[in-house]
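The structure appears right after this line, and notes come after that.
Ligands are counted one by one from 1 in listed order, and the atoms in each one are counted from 1 as well.
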Amino acid sequence: MPPSIVAQMLRTGLYTAVIGRQVRFYQSTGSTMDDAAEWARAGIEEGAVVVAETQTASRGRLGRRWISDEGNLYFSVLFRPEPEALPLLSPLAGVAVVRSIRQVAGLYPSIKWPNDVMIDGRKVAGILAESALSGPQVQHAIVGIGVNVALDVSSDPEIAATATSLNHAAKADIDRAELLRRILQHMDALYLDIRRGRSPIPEWRRWLDTLGQRVTVTHHGSSDTGLAEDIDDHGNLLLRTDAGELLTLTAGDITLRAAQGAPAANA
Ligand code: BTN
């Protein structure tokens with residue numbers, strides 16, 4: 001059996017202060033989100049990373065599944081942040097993914113709010129943030145990232161028209177281990193920045209292609225159409241509705257398009 005993606009990554013070193021102090025690899029697991037949460041509840045320190053080659057019960061935002069075949073990137077990172085840093089973790093991950101894809105694949109992704117990483121209008125990576133709170137304190141937060149590296153999106157009608165993969169977009173075989181290493185290193189640097197009071201939001205805002213567009217958002221069973229005017233310091237979307245009202249929308253429960261069944265989250 002070839003060395004796992006984690007063994008490949010560690011062979012050339014992972015240069016981080018916090019993230020990746022402990023790394024677990026599963027050839028197959030249910031969801032790295034659940035593995036990381038279990039590890040968190042067992043008291044592991046922040047920075048722990050769970051990587052899987054395949055997942056059998058992976059999940060995306062809004063309860064969708066995330067297609068998790070071999071050859072792609074699936075991992076979750078555990079944080080124990082101050083409460084103020086919690087809303088910054090998902091933007092942190094978006095920035096880390098965009099920077100890393102630029103460096104490793106030579107592609108220029110953008111972000112569709114809240115955190116779909118897109119290439120040429122198609123989704124290439126998704127980010128899921130989950131947290132456990134105890135009153136105002138954060139017990140732990142887990143950021144899960146899935147990147148379509150080798151996925152043949154045409155083989156799955158659910159995502160064929162809306163998703164892409166790095167290999168397809170770059171017309172080359174992208175080095176997954178190098179991509180994983182870069183993402184973790186960028187996440188580490190951005191997390192240290194947050195601890196020093198520097199937010200990832202300004203850079204995240206630069207990669208967002210949603211701002212200035214007319215969008216329809218669906219939330220709590222109702223829809224609003226308007227102009228995506230800006231984001232605030234917590235990454236919330238400020239939507240100027242056609243009726244002139246300014247809505248502040250948090251990422252958790254929102255989709256930026258009219259719901260059409262329940263497609264896989266890779267789409
Ligand atoms: C989304 O775009 O809806 C988020 C997708 C997040 C998928 C990743 S893959 C690794 C981690 N494990 C999961 O079950 N989900 C996340």
With heavy atoms of [X] as the reference, note each atom of ligand 1 found under 4.0 Å away.
X	answer
Ser58	14 (O)
Arg61	1 (C), 3 (O), 4 (C)
Ser31	12 (N), 13 (C), 14 (O)

Legend entry - Option with minimal heavy-atom separation from atom 10 (C) of ligand 1, where the choices are Thr32, Leu128, Asp35, Asn72: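 Going through Thr32, Leu128, Asp35, Asn72 one by one, Thr32 has the nearest heavy atom to atom 10 (C) of ligand 1.
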Legend entry - Shortest reach to atom 8 (C) of ligand 1 by a heavy atom, considering only Ala57, Gly60, Gly146, Ala93: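 Result: the heavy atom closest to atom 8 (C) of ligand 1 is in Gly146.
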Legend entry - Working for salt bridge (Lys or Arg N to Asp or Glu O under 4.0 Å), residues Glu82 and Arg195: CA-CA 9 Å; Glu82 295 300 321; Arg195 285 177 165 184; over 6 Å; no
Inset, instruction - Look only at the side chain of Asn115 and the backbone of Ile127, and say whether a donor-acceptor pair between them is shorter than 3.5 Å. - result: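 Between the backbone of Ile127 and the side chain of Asn115 there is no qualifying donor-acceptor contact (under 3.5 Å).
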Counting only heavy atoms, which portion of [X] has something under 4.0 Å from ligand 1: side chain, backbone, both, or neither?
X	result
Ile145	backbone
Ile127	backbone
Ser76	side chain

Inset, instruction - Compare all side-chain heavy atoms of Glu229 with those of Leu246 and state whether any distance is below 4.5 angstrom. - result: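 Sidechains of Leu246 and Glu229: in contact.
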Inset, instruction - Any chance you could lay out the salt bridge (Lys or Arg N to Asp or Glu O under 4.0 Å) test for Glu45 and Arg21, step after step, and finish with the verdict? - result: CA-CA 9 Å; Glu45 62 183 350; Arg21 284 192 284 211; 3.7 Å; yes
Inset, instruction - Could you tell me whether Arg198 atom CZ has more than 12 heavy atoms of other residues or ligands within 6.0 Å of it? - result: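 Atom CZ in Arg198 is not packed in, count stays at 12 or less.
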Inset, instruction - Give a yes or no on this: more than 12 heavy atoms of other residues, nucleotides or ligands lie within 6.0 Å of atom NE2 of His168. - result: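 Atom NE2 in His168 is not packed in, count stays at 12 or less.
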Legend entry - salt bridge (Lys or Arg N to Asp or Glu O under 4.0 Å) between Glu178 and Arg181, worked out: CA-CA 5 Å; Glu178 180 60 14; Arg181 191 220 332 255; 2.3 Å; yes
Inset, instruction - Please state whether Arg64 comes within less than 4.0 angstrom of ligand 1, counting heavy atoms only. - result: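 No heavy atom of Arg64 comes that close to ligand 1.
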